[in-house]
Amino acid sequence: MWNPPNPRTYNATVWLIVKQIPAGCVSTYGQIASMIPVPDGSDPDQYHRLGARWVGSAMRAVRDPEVPWQRVINSQGKISLPAGSSGARQQRQRLEAEGIEFDEKERVDLKQYGWDGPDDDWLDAHDLMPPKPF
DNA sequence: CGTTTGACTACGC
DNA sequence: CGCGTAGCCAAAC
């Protein structure tokens, strides 16, 4: 429920995608989740909603400095780390350093800064693996 | 070795 | 617009 059945593989896939987000852009947990194939037989919508949290746990587990974890925010355009935490401040600072602006409600305009996902040729070249079925 | 603990989201009120 | 809810787990205590 909170974690994918096989975190090692799923996290690696998430990190691979997140690395594609260009500086100055953001994506959401749900968007990242929806880029990853689902196992045969599962309902994509339900699975991707679960996946959003899995993407969150993958971000928590990032250790590779090349993964721009700060560019992943929630569907409301807000930072999901606890408000006021050092992590949240660092995320906001990093995003602002890339030219991203926050409104008075601490939100990023997804229409303006949202990333549309990797190119088709990138997807073809990488052939992402669906998570192991439950 | 049993408990605890999580970077989410769509939907109905 | 804000709040509560349900959704095929596993690593760290």
Side-chain angles (χ1 to χ4, degrees):
Chain A
M1 190 190 267
W2 286 86
N3 299 307
N6 52 346
R8 306 294 293 274
T9 304
Y10 192 86
N11 287 353
T13 305
V14 170
W15 297 332
L16 192 62
I17 294 173
V18 171
K19 279 188 180 179
Q20 305 307 308
I21 306 175
C25 293
V26 294
S27 189
T28 70
Y29 300 97
Q31 284 176 357
I32 301 294
S34 66
M35 294 172 199
I36 299 175
V38 302
D40 292 329
S42 17
D43 173 45
D45 291 327
Q46 180 185 37
Y47 210 91
H48 285 148
R49 260 195 330 183
L50 290 170
R53 295 206 306 199
W54 303 345
V55 172
S57 55
M59 291 303 96
R60 192 179 29 166
V62 167
R63 269 163 251 172
D64 179 357
E66 290 185 21
V67 178
W69 54 270
Q70 71 271 20
R71 297 177 194 149
V72 184
I73 60 181
N74 65 34
S75 63
Q76 308 169 72
K78 296 175 27 179
I79 285 173
S80 276
L81 287 165
S85 66
S86 60
R89 287 197 304 271
Q90 182 181 57
Q91 185 169 13
R92 175 165 178 154
Q93 181 179 22
R94 286 187 183 211
L95 290 175
E96 289 179 326
E98 298 180 356
I100 290 174
E101 297 178 0
F102 288 75
D103 68 16
E104 65 286 350
K105 292 172 184 167
E106 306 276 284
R107 288 178 314 193
V108 171
D109 184 355
L110 292 173
K111 298 283 187 195
Q112 183 177 178
Y113 298 105
W115 177 54
D116 291 325
D119 300 326
D120 290 336
D121 55 342
W122 185 89
L123 285 173
D124 291 340
H126 289 273
D127 188 32
L128 303 180
M129 289 270 296
K132 176 180 168 186
F134 288 102

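Below, all heavy atoms of this structure are taken into account, side chains as well, without hydrogens, waters or symmetry copies. Just so it is clear: chains get the letters A, B, ... in the order the sequence lines come, proteins before strands, and each one is counted from 1.
Residues in residues 104-123 of chain A take part in these ring-ring contact (aromatic ring centres under 6.0 Å, His included) pairs, two or more places apart or across chains: A/Trp122-A/His126.
A/Asp43 has its CG atom 12 Å from the P atom of B/dC11, to the nearest Å. Atom pair A/Met1:CE and B/dT4:P shows a separation of 16 Å (rounding to whole Å applied). As rounded to whole Å, 10 Å separates atom C1' of C/dG7 from atom CH2 of A/Trp2. Atom CE of A/Met35 and atom P of B/dT9 are 12 Å apart (whole Å). Computed from coordinates, the A/Trp54 CH2 to B/dT9 C1' distance equals 13 Å when rounded to whole Å. In this structure, A/Arg53 places its CZ atom 6 Å from C1' of C/dG7, rounding to the nearest Å. In this structure, A/Leu50 places its CG atom 13 Å from P of B/dC8, rounding to the nearest Å. If you take CG of A/Asn11 and P of B/dC8, they are 14 Å apart, rounded to a whole angstrom.
Closest approach to the A/Gln46 side chain among B/dA10, C/dG7, B/dC8 is made by C/dG7 (side chain taken as heavy atoms from C-beta onward). For A/Arg49, taking side-chain heavy atoms from C-beta onward, the closest of the listed nucleotides C/dC9, B/dC8, B/dA10 is B/dA10. Counting only heavy atoms from C-beta on, A/Asn3 has its side chain closest to C/dC9 among C/dC9, B/dC8, C/dG7. Among the nucleotides B/dT9, B/dG6, C/dA10, the one closest to the side chain of A/Arg60 is B/dG6.
Heavy atoms only, all atoms of each residue included: A/Thr13 and A/Met129 are closest at OG1-O, 4.4 Å. Listed here is the closest heavy atom pair of A/Ser80 and A/Asn74: OG-ND2, 3.0 Å.
Looking at heavy-atom distances under 4.0 Å, A/Pro4 makes contact with sugar-phosphate atoms alone, never a base.
Within the cation-pi definition used here (under 6.0 Å to the ring centroid, within 45° of the axis), A/Arg92 qualifies as a partner of A/Phe102.
Residue A/Ser75 places at least one side-chain N or O under 4.0 Å from the OP1 or OP2 atom of B/dT9.
With hydrogens and angles left out, the side-chain atoms of A/Gln70 and A/Gln90 include no donor and acceptor closer than 3.5 Å.
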